Engineer: 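Below is the structure I would like to discuss, written out as structure tokens.
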Amino acid sequence: MSRAVCPGSFDPIHNGHIEVISRAARLFDEVIVAVSRNYAKKYRFDLEQRMDLCSRSLAQLPTVKVLPLGDGLLADFCAEHGANALVKGLRSGLDFDYELPMATMNRHLADVDTVFLPTDSQFAHVSSSLLKEVAALGGDIRPFVPDVVHERLVQRD
């Protein structure tokens, strides 16, 4: 069985993430969405909320499950869960430049390969940070997020 891990903070998950995860689900038997926690980073939603938003947003994909990444190395998480691949969405060459060294390190640490999937062009400009900012200023982000995420962002503003 082929299993891939799609890691991220998903603060919050958006349609660009979902598009990449959906494509990964067609390539692999199982996809684990690993929701990360970085204590140095300030999140809009806590880990449990982000996991809930991911689970609800990905419910239509039966081979996708959502787990917390934990505090260790991503390479160790992949080994622990029997994943032979990581999936990373790329919006631009800047994303590739950022992700390539990590992909090489993960291959050396856990013999896990990284599969880069270019995002659909309609989401190339979308990031969680930008969506949070636009929502906070009253902009309409509904075309870019699942309904459950939109509702939670509006509740919190």
Side-chain angles (χ1 to χ4, degrees), residues 3-28 30-83 85-92 94-95 98-99 102-103 106 110 112 114-120 122-157:
R3 180 176 293 135
V5 171
C6 189
S9 59
F10 304 104
D11 186 40
I13 191 167
H14 56 70
N15 293 345
H17 293 132
I18 294 168
E19 188 263 334
V20 168
I21 294 165
S22 297
R23 288 170 44 214
R26 291 194 310 262
L27 297 172
F28 297 94
E30 183 177 79
V31 175
I32 300 171
V33 173
V35 183
S36 65
R37 173 179 29 214
N38 178 343
Y39 293 104
K41 189 174 178 182
K42 182 169 172 37
Y43 293 109
R44 176 73 179 269
F45 298 103
D46 67 27
L47 179 64
E48 290 75 25
Q49 292 169 323
R50 290 182 284 128
M51 289 183 55
D52 178 61
L53 290 172
C54 286
S55 294
R56 292 170 68 190
S57 299
L58 298 165
Q60 75 282 5
L61 299 171
T63 61
V64 173
K65 66 181 177 179
V66 178
L67 296 175
L69 180 56
D71 298 326
L73 291 170
L74 178 57
D76 292 341
F77 181 90
C78 290
E80 176 184 337
H81 292 280
L86 288 164
V87 173
K88 297 290 194 117
L90 298 179
R91 293 170 295 182
S92 70
L94 293 174
D95 285 349
Y98 177 79
E99 295 290 348
M102 289 187 287
N106 285 320
V112 61
T114 301
V115 175
F116 295 117
L117 295 177
T119 190
D120 189 284
Q122 68 180 319
F123 302 119
H125 65 290
V126 176
S127 71
S128 295
S129 298
L130 180 59
L131 291 174
K132 288 184 289 190
E133 184 177 345
V134 171
L137 296 171
D140 183 11
I141 60 164
R142 283 179 286 196
F144 307 109
V145 295
D147 289 341
V148 65
V149 171
H150 182 261
E151 291 167 12
R152 291 297 301 275
L153 281 170
V154 171
Q155 274 179 350
R156 300 210 31 165
D157 286 338

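When reading the values below, keep in mind they use all heavy atoms of this one structure, side chains included, and skip hydrogens, waters and symmetry mates. Quick caveat, the model's predicted, so the values are computed rather than measured.
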Engineer: Between L86 and C6, is there a side-chain heavy-atom distance shorter than 4.5 Å?
Structural biologist: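 They are not in side-chain contact.
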Engineer: Which value, rounded to the nearest 0.5 Å, describes the distance between N106 atom CG and K88 atom NZ?
Structural biologist: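 Answer for the CG-NZ pair, N106 versus K88, is 7.5 Å.
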Engineer: For the CG atom of L61 and the OG atom of S55, what is their distance to the nearest 0.5 Å?
Structural biologist: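 So the gap between those two atoms works out to 11.5 Å.
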Engineer: Just how far is it from atom OH of Y98 to atom OG of S92, taken to the nearest 0.5 Å?
Structural biologist: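 Going from the OH atom of Y98 to the OG atom of S92 covers 13.0 Å.
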Engineer: L53 and R152: which non-hydrogen atoms are nearest, and at how many Å?
Structural biologist: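 Taking every non-hydrogen atom into account, CD2-CG, 3.6 Å.
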Engineer: Could you give me the CA-CA distance, side-chain angles and deciding distance for S128 and R44, then say whether side chain to side chain contact (heavy atoms under 4.5 Å, CB included) is met?
Structural biologist: CA-CA 10 Å; S128 295; R44 176 73 179 269; over 6 Å; no
Engineer: Measure from the side-chain N and O atoms of R3 to the backbone N and O of H81, and report whether any donor-acceptor pair falls under 3.5 Å.
Structural biologist: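 Pair found, side chain donor or acceptor close to backbone of H81.
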Engineer: With a 4.5 Å cut-off on side-chain heavy atoms, are V66 and F10 touching?
Structural biologist: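 Answer no - side chains too far apart.
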Engineer: Evaluate the side-chain proximity of R142 to V154: yes if any heavy-atom separation is below 4.5 Å, no if none is.
Structural biologist: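 In short, these two side chains do not touch, never coming nearer than 4.5 Å.
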Engineer: Is the shortest heavy-atom distance from the side chain of T114 to the side chain of E99 under 4.5 Å?
Structural biologist: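 A side-chain contact under 4.5 Å is absent here.
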Engineer: Would you find a donor on one side and an acceptor on the other, under 3.5 Å apart, between the side chain of R50 and the backbone of F45?
Structural biologist: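 Checking the backbone N and O of F45 against the side chain of R50, a donor-acceptor pair under 3.5 Å is found.
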Engineer: Which atom pair, heavy atoms only, marks the closest approach of K41 to S9?
Structural biologist: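 Result for this residue pair: NZ-OG, 3.4 Å.
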Engineer: Let me have the donor-acceptor pairs involving side chains of residues 70-78, under 3.5 Å, with sequence neighbours excluded, atom names and distances please.
Structural biologist:
none

Engineer: Rounded to the nearest 0.5 Å, what's the gap from NE2 on H125 to CZ on F123? Could you check?
Structural biologist: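 The distance works out to 9.0 Å.
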Engineer: If you take all heavy atoms of T119 and A124, which pair is closest and at what distance?
Structural biologist: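 Taking T119 first and A124 second, the nearest heavy atoms are CG2-CA, 3.8 Å.
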Engineer: What do the steps show when you test L58 against I13 for side chain to side chain contact (heavy atoms under 4.5 Å, CB included), and what is the final call?
Structural biologist: CA-CA 10 Å; L58 298 165; I13 191 167; 4.0 Å; yes
Engineer: Would you say the side-chain atoms of Q49 pair up with the backbone N or O of D46, donor to acceptor, closer than 3.5 Å?
Structural biologist: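 Checked: pair present.
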Engineer: Please list, chain by chain and in numerical order, all residues satisfying side chain to side chain donor-acceptor pair (under 3.5 Å) with D147, sequence neighbours excluded.
Structural biologist: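 Result, side chain to side chain donor-acceptor pair (under 3.5 Å) vs D147: none returned.
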Engineer: Looking at every non-hydrogen atom in both residues, tell me the closest pair between D95 and G89 and how far apart they are.
Structural biologist: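 Reported closest heavy-atom pair: OD2-O, 4.3 Å.
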Engineer: Treating D52 as the side-chain partner and E48 as the backbone partner, does any N or O pair qualify as donor plus acceptor under 3.5 Å?
Structural biologist: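 Such a contact is absent between D52 side chain and E48 backbone.
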Engineer: Quick one: does R91's side chain have a donor or acceptor within less than 3.5 Å of a partner on V126's backbone?
Structural biologist: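 Yes; judged by distance alone, with no hydrogens or angles, the pair exists.
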Engineer: To the nearest 0.5 angstrom, please state how far the CD atom of Q122 sits from the CD atom of E19.
Structural biologist: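 Nearest 0.5 Å value for the CD-CD distance: 7.5 Å.
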Engineer: What is the minimum heavy-atom distance between S57 and V148, and which atoms define it?
Structural biologist: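 For S57 and V148, the tightest heavy-atom pair comes out as OG-CG1, 3.6 Å.
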Engineer: Between CG of L90 and CG of L117, what distance do you get to the nearest 0.5 Å?
Structural biologist: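 CG of L117 is found 8.0 Å from CG of L90.
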Engineer: What I'd like to find out is whether the side chain of P12 reaches to under 4.5 Å of the side chain of L131, using heavy atoms alone.
Structural biologist: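 With C-beta onward as the side chain, the pair stays apart.
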Engineer: Any donor and acceptor pair, going by atom type alone, linking the side chain of K132 with main-chain N or O of D11 inside 3.5 Å?
Structural biologist: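 Flag set: sc K132 to bb D11 pair under 3.5 Å.
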Engineer: Would you indicate whether the side-chain heavy atoms of F144 and L130 approach each other to under 4.5 Å?
Structural biologist: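 No. Closest side-chain heavy atoms not under 4.5 Å.
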Engineer: Got a salt bridge between D120 and R23, using NZ or NE/NH1/NH2 to carboxylate O under 4.0 Å?
Structural biologist: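 No, no charged N to carboxylate O under 4.0 Å.
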